[in-house]
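Everything quoted here is computed from the prediction, not taken from an experiment. Numbering starts at 1 and runs along the sequence shown.
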Amino acid sequence: MCGRFAQYRTAIDYIEALKTSVDFAGGLDPIPIGRYNVAPGTRVQLLHEETEGIRFDPVPWGYAPFWARDPESHKPKRPPVINARVETAATSKMFRSLWKHGKSLVAADGWYEWKKDADDPKRKQPYFIKLKSDEPMFFAAIGQFHRTDQHEHEDDGFVIITAAADEGMIDIHDRRPLVLTPEAAREWIEPDLSPERAEEIAQDGAISVDQFEWYPVNKAVGSVHNDSPALLEREPKPLV
């Protein structure tokens, strides 16, 4: 985890769910984002806080630091990393600078996991995981993005922080995105948040597993070409 998620509501919906008193920098598009199958490598609307207020900016999902790029072409030597383990993100060479200066949020409506058959690992069934309240959720993320000039740079990108799945959800997958409460999410993106406080939030600010529900969905979500509300419909005859 996390390899696919849904982000289909309007930016206004996510801002209201965040319950922030910080001003929003820029206009809020009333049109739904309408993405039901967000895949790595695509640009995702990312929430982060700057001196002028909170912003929603499109940032590529995946990160490759300069030292992991070809010196001539500047392209990543291998596919960009899309997730970071909460246990090591603060201290790893790959992510420690992002942990200090690039904390952000992915506003989402749920995510997908593939459950494997215990007897046949090649046999998989996708599940959609969402809050029982049907409210938006906020994945803790870290990234690199330059917004002073409003232009995207080649090293822009972000990763989603993941944590070990709690009892119950582990039946679907052993990892899950770090989903923060609105209160923890608001603090997570404060520009002056210390790395030490960020670690405390990562440990104490996650929403408990009993607030989630999950159900099987159609295998069509496995193709990035499929992106419609039909992907959220319950699969009546799951394989696993």
What closest approach, in Å, do [X] and [Y] show between heavy atoms, and which atom pair accounts for it?
| X | Y | answer |
| --- | --- | --- |
| S104 | G143 | OG-N, 4.2 Å |
| P58 | R43 | CB-CB, 4.2 Å |
| A141 | L46 | CB-CD1, 4.4 Å |
| A206 | L178 | CB-CD1, 3.7 Å |
| T10 | P30 | CG2-O, 3.2 Å |
| F138 | A185 | CB-CB, 4.1 Å |

| request: Output, in order, the C-alpha distance, side-chain angles, deciding distance and verdict of side-chain contact (heavy atoms from CB on, under 4.5 Å) for I201 and L193. | output: CA-CA 10 Å; I201 293 173; L193 183 72; 4.0 Å; yes
Would you check if [X] and [Y] make a side-chain contact, meaning some heavy-atom pair closer than 4.5 Å?
| X | Y | value |
| --- | --- | --- |
| V106 | F158 | yes |
| R186 | P182 | yes |
| W111 | R4 | no |
| L47 | I15 | yes |
| F95 | V159 | yes |
| L231 | N226 | yes |
| I160 | I82 | no |
| Y63 | P80 | no |

Whether [X] side chain and [Y] backbone form a donor-acceptor pair below 3.5 Å:
| X | Y | value |
| --- | --- | --- |
| K103 | K100 | yes |
| Q125 | V217 | yes |
| Q7 | Q45 | yes |
| D120 | D117 | no |

| task | Show your working on side-chain contact (heavy atoms from CB on, under 4.5 Å) between W99 and E199 and close with a plain yes or no. | result | CA-CA 9 Å; W99 187 271; E199 291 190 59; 3.7 Å; yes
| field | Within 6.0 Å of CD in E213, more than 12 heavy atoms from elsewhere | value |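 Count over threshold, so yes.
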With rounding to the nearest 0.5 Å, note down the distance linking [atom1] in [X] to [atom2] in [Y].
| X | Y | atom1 | atom2 | result |
| --- | --- | --- | --- | --- |
| F128 | L232 | CZ | CG | 5.0 Å |
| S133 | I207 | OG | CD1 | 7.5 Å |
| I142 | M94 | CD1 | CE | 10.5 Å |
| S208 | Q211 | OG | CD | 4.0 Å |
| M137 | L131 | CE | CG | 4.0 Å |
| N37 | S228 | CG | OG | 9.0 Å |

| field | Residue of the set K132, R176, K130 for which side-chain contact (heavy atoms from CB on, under 4.5 Å) holds with F212 | value |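 Option passing the side-chain contact (heavy atoms from CB on, under 4.5 Å) with F212: R176.
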| With sequence neighbours left out, which residue pairs that include part of residues 220-240 fulfil the ring-ring contact (aromatic ring centres under 6.0 Å, His included) condition? |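 Not a single pair qualifies under ring-ring contact (aromatic ring centres under 6.0 Å, His included).
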[Y] and [X] side chains, donor-acceptor separation under 3.5 Å:
| X | Y | answer |
| --- | --- | --- |
| R35 | T42 | yes |
| W188 | E190 | no |
| T162 | R85 | no |

Under a 4.5 Å side-chain heavy-atom rule over Ile, Leu, Val, Met, Phe, Trp and Tyr, are [X] and [Y] clustered together?
| X | Y | result |
| --- | --- | --- |
| V221 | V224 | no |
| L105 | V22 | yes |
| V240 | W114 | no |
| L239 | Y127 | no |
| I12 | I54 | yes |

| Under a 4.0 Å N-O cut-off, is there an ion pair linking R175 with E87? |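 Answer for the salt bridge query: yes.
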| said: If the threshold is 4.0 Å, N to carboxylate O, is there a salt bridge linking D109 and R9? | reply: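 Answer for the salt bridge query: yes.
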| message | Is the distance between the ring centroids of F5 and W61 under 6.0 Å? | response |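 Judged by ring-centre distance (under 6.0 Å), W61 and F5 do meet the cut-off.
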| Partners meeting ring pair (Phe, Tyr, Trp, His ring centres under 6.0 Å) with Y36 (sequence neighbours left out) |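 Ring pair (Phe, Tyr, Trp, His ring centres under 6.0 Å) check on Y36 returns Y8.
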